[in-house]
Amino acid sequence: MIRLRLAAIAAVTASLSLGITACGGDDETSATAGGDDATITYGIYEPGADSGYLLMGQEKDFFAKHGVKVEVVQLKSAQQAFPALLAKQVDVIQGNPSEALLAAQKGAKLKFVGSTMPGQNYAIYGKSDLASLAALSGATLGVSTPTGLPAVVAKAMMLQSSVDPSSVKLVNSGGSADRYKAVVSGQIQAASAPLDYTAQAAKDGVKLLGRAKDVVPDFPRYALITRDDVLQTKGAAVTGLIAGLVEGIRYADGHPDEAGALVAKTLKVAADDPMISETYKEFHDGGYLAMNGEIPVKQITYLADLQVKLGITQKAIAVDPMVDDSYRQKAVAEIGEVPSNYYGDAK
């Protein structure tokens, strides 16, 4: 069941800065009111072609078998997700670790407790006259916020391609689909966006300049992030959430037709849309998934160091104190462990 409380979250987002004040105090909010420690409010970004994997736990209600009720709240971006988490509007979010590291540096008591899809599915798309990533110098590139995932992963890819990020003009071009469309229409020369559009790019005269997986393989995508107080009061429910999400990932990976149907239903596109089959194949064959909910600790540490290199922070935050693997371990004990295929584990 999805309960969208975007109006309340938007109000929180407008009134909060991403700092310790956002998570201070002991007042109950709608996410914790009533003391129901078997209910978890779970925030996710608006799903794309990955929804066959990321929403399957909800679709099949694998959560119920683990004794937890999950309220799924869809959020536009990190600009909504992290203020909502810090203000106790949601209990757990699926988000990029980079923003969590920044919040922790400002005093937020956050923990990484698992993952769904640690493999980074971003790419840089460009107009056909751009020969490669090395040709980005002087170009205008669409991102979201200056410290959000699209910008940070793009800068990492530039550094790896010997391009000075300061030589590229970064502009806020909206959500993922908006950024891609802005390249197609010629409003911008390049964009940082998910791999959802690779099937369409050639038809649109857009070039895939590089995949993050190939250029910066240590750059992670998603982790499950929560607050210390949630673990203290809803620990069993967090374990149930992780177990249900991982079961959903596994089920989707073994049932491509059902995963594709869920994508089509979620995005309101035709079931035979090439985006569905190509993206599914990418995730299935490419090792993007956390088949046991693994926390990508090495990759999060890479992000902490990258933030310093990019001038986002002055000192890398220690990652290990932010990791609590005990809830994931309990979840895997319930559902059984399977071989990992995450490409980051092989490096």
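Numbering of residues begins at 1 and proceeds along the displayed sequence. These numbers were taken from a predicted model, which means no experiment stands behind them.
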Residues passing the side-chain contact (heavy atoms from CB on, under 4.5 Å) test with V263, sequence neighbours excluded, are S51, L267, I276
Indicate yes or no: does D91 engage K234 in a salt bridge with an N to O separation below 4.0 Å.
yes
Please list every donor-acceptor pair under 3.5 Å in which a side-chain atom of residues 312-324 meets a protein atom from a residue at least two apart or in another chain.
residue: D324; atom: OD1; partner: S326; partner atom: N; Å: 3.1
residue: D324; atom: OD1; partner: S326; partner atom: OG; Å: 2.6

Taken in chain and number order and not counting sequence neighbours, the residues that satisfy side-chain contact (heavy atoms from CB on, under 4.5 Å) with V184 are Y180, D204, V206
With sequence neighbours left out, the residues meeting side-chain contact (heavy atoms from CB on, under 4.5 Å) with A199 are P274, E278
For E337, the salt bridge (charged side-chain N to carboxylate O under 4.0 Å, His left out) test, sequence neighbours excluded, returns none
Here the pair of heavy atoms bringing S340 nearest to N292 is N-ND2, 4.2 Å
_What I want to check is whether the side chains of T116 and Q94 have a donor and an acceptor closer together than 3.5 Å._
yes
So the ring-ring contact (aromatic ring centres under 6.0 Å, His included) pairs with at least one residue in residues 257-282 (sequence neighbours excluded) are Y53-Y280, Y280-H284
The salt bridge (charged side-chain N to carboxylate O under 4.0 Å, His left out) partners of R211 (sequence neighbours excluded) come to D214, E282
Sorted by chain and residue number, the side-chain contact (heavy atoms from CB on, under 4.5 Å) partners of A331 (sequence neighbours excluded) come out as T239, I242, A243
Does the ring center of Y343 lie less than 6.0 Å from the ring center of Y288? yes
Does the side chain of S173 pick up a donor-acceptor pair with the side chain of Q187 at under 3.5 Å? no
So CZ of F63 and OH of Y42: to nearest 0.5 Å the spacing works out to 7.0 Å
Connected to V308, directly or through other members, by ILVMFWY side-chain contacts below 4.5 Å are none
Residues passing the salt bridge (charged side-chain N to carboxylate O under 4.0 Å, His left out) test with K281, sequence neighbours excluded, are D285
Can we say D253 and R250 salt-bridge, meaning some charged N sits less than 4.0 Å from an Asp/Glu carboxylate O? no
Hits for salt bridge (charged side-chain N to carboxylate O under 4.0 Å, His left out) against K65, two or more places apart or cross-chain, chain-then-number order -> E247
Contacts satisfying salt bridge (Lys or Arg N to Asp or Glu O under 4.0 Å) that involve residues 161-190 (not counting sequence neighbours) are none
